[in-house]
Participant: 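I have a structure here, written as structure tokens, and I will follow up with some questions on it.
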Amino acid sequence: MKWRVSDELWRRLEPLLADPPRRFRYPGRCRWPARACLEGILFVLFTDTPWLQVPYRELGLPSGETCRRRLEEWARRGLFERALVVLQTDLAGADRLDWSRVIVDASLVDAKKGARRSRARSMAVQAAATTSP
């Protein structure tokens, strides 16, 4: 299964994605292990399954919502970006990255100031129907 994390890969990522220590007083519910959450995130990425439709019981993973929250936590703390840099460096060193197939997404690149808006956007939304005579 492509979304399973190998032991070798987890040895490199575990220090980066480690959970914060539990509180001594009022520790709350035990969290799912970080490795299981990462496998749930990878399952969603590989299968394009919505977060709420992850078959977590059948796969032995945390729920999709738990994985989504953990991904947001890691992104907010900057841990996910650091993990990606480690993986990118390893793959680039092994000559396994094909940089000719890079896709630039609008979420990664700012629009230039003064750029004209696309007319397609304004034409896509139809005017609301009126109920008055």
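Residue numbers count from 1 along this sequence.
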Participant: May I ask whether L87 and V44 are part of the same hydrophobic cluster, defined by side-chain heavy atoms of I, L, V, M, F, W, Y residues being less than 4.5 angstrom apart, directly or through others?
Facilitator: yes
Participant: Decide yes or no on side-chain contact (heavy atoms from CB on, under 4.5 Å) for I41 and W74, but give the supporting numbers first.
Facilitator: CA-CA 12 Å; I41 293 165; W74 290 339; 3.7 Å; yes
Participant: Give a yes or no answer on whether the side chain of E39 reaches the backbone of V5 with a donor-acceptor pair at less than 3.5 Å.
Facilitator: yes
Participant: Are E65 and R68 within salt-bridge range, i.e. N to O under 4.0 Å?
Facilitator: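 A salt bridge is present here (some side-chain N lies under 4.0 Å from a carboxylate O).
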Participant: Can you tell me how far the OG1 atom of T47 sits from the CD atom of Q53, to the nearest 0.5 Å?
Facilitator: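 Atom-to-atom, T47:OG1 and Q53:CD are 10.0 Å apart.
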Participant: Looking only at heavy atoms, which two atoms of C37 and C67 are closest? And how far apart?
Facilitator: O-SG, 3.8 Å
Participant: Salt bridge (charged side-chain N to carboxylate O under 4.0 Å, His left out), that's the test. Do E8 and R12 meet it? Break it down for me.
Facilitator: CA-CA 7 Å; E8 177 188 339; R12 289 194 307 250; 3.5 Å; yes
Participant: Testing the basics here: between R23 and G28, what is the closest heavy-atom pair and its distance to 0.1 Å?
Facilitator: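 In terms of heavy atoms, the two residues are closest at NH2-N, 4.5 Å.
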Participant: First locate atom CH2 of W51, then atom OH of Y56, and finally report the distance between them rounded to the nearest 0.5 Å.
Facilitator: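 It is 14.5 Å, given to the nearest 0.5 Å.
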Participant: Rounded to the nearest 0.5 Å, what separates atom CZ in R35 from atom CG in L61?
Facilitator: 12.0 Å
Participant: Quick check on side chain to side chain contact (heavy atoms under 4.5 Å, CB included): which of V86, V85, L79 does R82 satisfy it with?
Facilitator: L79
Participant: Is R76 salt-bridged to E72, going by a charged N under 4.0 Å from an acidic O?
Facilitator: no
Participant: Under a 3.5 Å distance rule, please check whether R57 uses its side chain to pair with a backbone N or O of P62 as donor and acceptor.
Facilitator: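 No.
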Participant: From R77 CZ over to L17 CG, what is the distance, rounded to the nearest 0.5 angstrom?
Facilitator: 9.0 Å
Participant: Do the side chains of K2 and L42 get nearer than 4.5 Å, heavy atoms only?
Facilitator: no
Participant: Side chains of L38 and W3: does their closest heavy-atom pair fall under 4.5 Å?
Facilitator: no
Participant: To the nearest 0.5 Å, what is the distance between CZ on R70 and CG on D19?
Facilitator: 4.5 Å
Participant: How long is the gap from CZ on F43 to CG on L59, to the nearest 0.5 Å?
Facilitator: 5.0 Å
